[in-house]
Amino acid sequence: MESKLEATYVSVVVPVFNEENNLEILHRELSEALKNLDKKYEIIFVDDGSVDNSFQVLKKIKESDKSVKIIKLRRNFGQTSALSAGFDHSKGEIIISVDADLQNVPSDIPSLISKLEEGYDIVNGWRWKRKDRFLTRKIPSAVANWLISFITGIKLHDYGCTLKAYRKEVLKNVRLYGEMHRFIPAVASWMGIKVAEVKVNHRQRKYGKSKYGISRTIRVILDLITVKFLISYSTRPLQIFGLFGFISFFVGFILGLYLSYEKIILREAIGGRPLLLLAVLLMFLGAQFITLGLLAEMLSRTYHEAVEKKIYVIKEILDEDEK
Ligand code: UDP
Ligand code: MG
């Protein structure tokens with residue numbers, strides 16, 4: 001009787017794009033891992049516009065298991081969007097993301113959850129002994145992990161691992177675009193979160209093909225620039241643009257002064273001086289950067305108001321009057 005009213009504790013979100021042969025095995029393994037927790041759970045499969053039989057297979061799975069939900073997207077939107085759709089529809093206190101291709105191992109989920117319960121907000125899987133191509137996968141990924149850790153200040157060994165566990169409040173405050181699902185720990189860091197890492201297993205892909213090639217690296221690097229900007233300057237863009245602008249304008253101005261001195265006091269011709277070009281360029285650039293910064297300030301205000309995004313996140317309020 002009580003179990004009916006019980007609130008969902010764990011939501012597992014699985015992005016699916018042409019994975020027909022993996023889904024039944026995955027569902028079996030997930031159910032085994034989750035049943036042992038003895039808490040109410042749901043498994044949300046997000047069909048990201050598959051063109052094979054994935055959706056039919058999912059429907060069959062759903063018939064035999066009430067904890068399964070399916071979200072079918074209209075077309076292929078990409079892994080980040082699929083995850084995002086799943087996150088938006090999950091009810092659990094704890095949300096787990098996992099790949100559909102059986103490369104992540106569901107029996108690792110309980111260890112992620114118990115780590116989260118120790119008081120962390122995100123627990124990131126770290127694919128220990130990763131089973132992927134060395135040259136096109138492991139090397140770019142090692143560089144990317146180092147770079148992302150260095151630039152965002154959140155040091156993780158394996159940003160690219162989909163197997164992660166989150167508290168639901170964390171995801172509520174994060175909006176995802178581009179290839180950004182891998183950056184959630186970094187994007188969320190602005191609100192002050194505790195991130196932990198847990199070593200997880202990794203298997204080779206048996207059925208179906210990987211959906212990505214080496215070109216993903218470039219997209220990830222571009223997203224990194226966005227993420228850094230969002231974390232550090234989204235509420236004060238003028239401070240970064242203005243800094244460059246100010247320095248550039250100042251150097252140009254000094255050069256201009258010096259040239260004016262030569263022209264007016266020393267009465268030398270300055271028309272043929274390359275320095276003149278540099279002075280004009282630097283001052284021009286400086287003015288451009290500063291006005292760009294002002295525009296960005298206005299954009300940032302519209303952005304924060306349009307999505308009703310606060311510039312802070314509260315953990316709790318202790319006040320008898322506040323309900
Ligand atoms: N995926 C998706 N939409 C896409 C590409 C991939 O939902 O457009 C899913 C895919 O089905 C898998 C996961 O994202 O569950 C990871 O994809 P993949 O295994 O191809 O990436 P890799 O492990 O090679 O990095
Ligand atoms: Mg994979």
Side-chain angles (χ1 to χ4, degrees), residues 11-30 33 43-58 61 68-90 95-106 108-109 124-145 148 156-165 176-184 200-221 223:
S11 299
V12 178
V13 176
V14 192
V16 178
F17 181 49
N18 297 346
E19 307 281 4
E20 54 184 1
N21 293 318
N22 292 312
L23 296 168
E24 266 166 0
I25 309 173
L26 178 71
H27 172 249
R28 203 176 325 128
E29 290 189 0
L30 278 175
I43 304 175
I44 304 179
F45 289 101
V46 185
D47 179 5
D48 184 19
S50 298
V51 290
D52 66 354
N53 272 323
S54 293
F55 186 62
Q56 280 68 33
V57 177
L58 287 175
I61 293 173
V68 169
K69 291 183 188 170
I70 309 172
I71 299 172
K72 184 174 166 62
L73 302 184
R74 278 191 170 269
R75 64 168 173 87
N76 177 240
F77 285 90
Q79 193 183 352
T80 299
S81 310
L83 282 168
S84 196
F87 293 158
D88 288 344
H89 288 86
S90 49
I95 299 172
I96 313 263
S97 54
V98 54
D99 277 344
D101 58 0
L102 297 172
Q103 290 200 269
N104 296 139
V105 182
D108 284 322
I109 291 178
N124 204 94
W126 172 9
R127 289 168 290 181
W128 190 241
K129 302 192 181 143
R130 185 170 166 191
K131 303 280 192 312
D132 274 325
R133 286 254 173 81
F134 187 71
L135 206 63
T136 53
R137 279 301 166 80
K138 291 208 218 171
I139 296 275
S141 147
V143 176
N145 282 311
I148 299 169
L156 292 177
H157 291 90
D158 194 3
Y159 269 92
C161 180
T162 309
L163 185 55
K164 292 185 172 90
L176 304 175
Y177 301 95
E179 279 291 303
M180 228 158 259
H181 63 273
R182 70 188 58 244
F183 291 111
I184 296 174
V200 297
N201 296 293
H202 196 241
R203 297 184 287 210
Q204 216 144 23
R205 197 185 241 283
K206 259 221 238 58
Y207 308 105
K209 287 201 295 272
S210 168
K211 277 73 191 178
Y212 301 102
I214 185 95
S215 68
R216 177 167 63 184
T217 318
I218 299 164
R219 281 184 276 150
V220 168
I221 301 287
D223 274 343

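Whatever order the structure lists ligands and atoms in, that order sets their numbers, starting from 1. These numbers were taken from a predicted model, which means no experiment stands behind them.
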Which one holds for N76 and ligand 1: side chain close, backbone close, both close, or neither close, with close meaning a heavy atom under 4.0 Å? side chain

How many angstroms lie between CD1 in I96 and CG in L30, if you round to the nearest 0.5 Å? 10.0 Å

Is there a donor-acceptor contact under 3.5 Å linking the side chains of S141 and R130? yes

Heavy atoms only, cut-off 4.0 Å: how does D48 contact ligand 1, side chain, backbone, both, or neither? side chain

Within the structure, does A82 bring an N/O atom to less than 3.5 angstrom of an N/O atom in ligand 1? no

Give the atoms of ligand 1, by number and element, whose distance to some non-hydrogen atom of V16 is under 4.0 Å. 7 (O), 11 (O)

So, is the end of the R205 side chain (NZ or CZ) under 6.0 Å from the ring centre of Y207 and within 45° of the ring's axis? no

Distance-only N or O hit between ligand 1 and K209, under 3.5 Å: no

Only heavy atoms of E19, strictly under 4.0 Å: list the atoms of ligand 1 that pass. 10 (C), 11 (O), 12 (C), 15 (O)

Parallel, tilted or perpendicular: which describes the rings of F183 and Y159, with under 30° parallel and over 60° perpendicular? tilted

Interatomic spacing from CZ in F17 to CG in D101 - rounded to 0.5 Å: 13.0 Å

Atoms in ligand 1 with a heavy atom of R216 nearer than 4.0 Å: 25 (O)

Could you tell me, atom by atom, which parts of ligand 1 come under 4.0 Å of a heavy atom of R205? 18 (P), 19 (O), 20 (O)

R182 contact mode with ligand 1 (heavy-atom cut-off under 4.0 Å): neither

Ligand-side contact atoms (ligand 1) for residue partner Q103, heavy atom cut-off under 4.0 Å: 19 (O), 23 (O)

Where the closest heavy atom to atom 15 (O) of ligand 1 is concerned, which of G208, G213, A100 has it? A100

Do any nitrogen or oxygen atoms of Y212 lie less than 3.5 angstrom from nitrogen or oxygen atoms of ligand 1? no

Do me a favour and list the nearest non-hydrogen protein atom to atom 1 (N) of ligand 1 with residue, atom name and distance? F17 CB, 3.7 Å

Check for me: within less than 2.8 Å of the Mg ion (ligand 2), which protein N/O/S atoms show up? D101 OD2, Q103 OE1

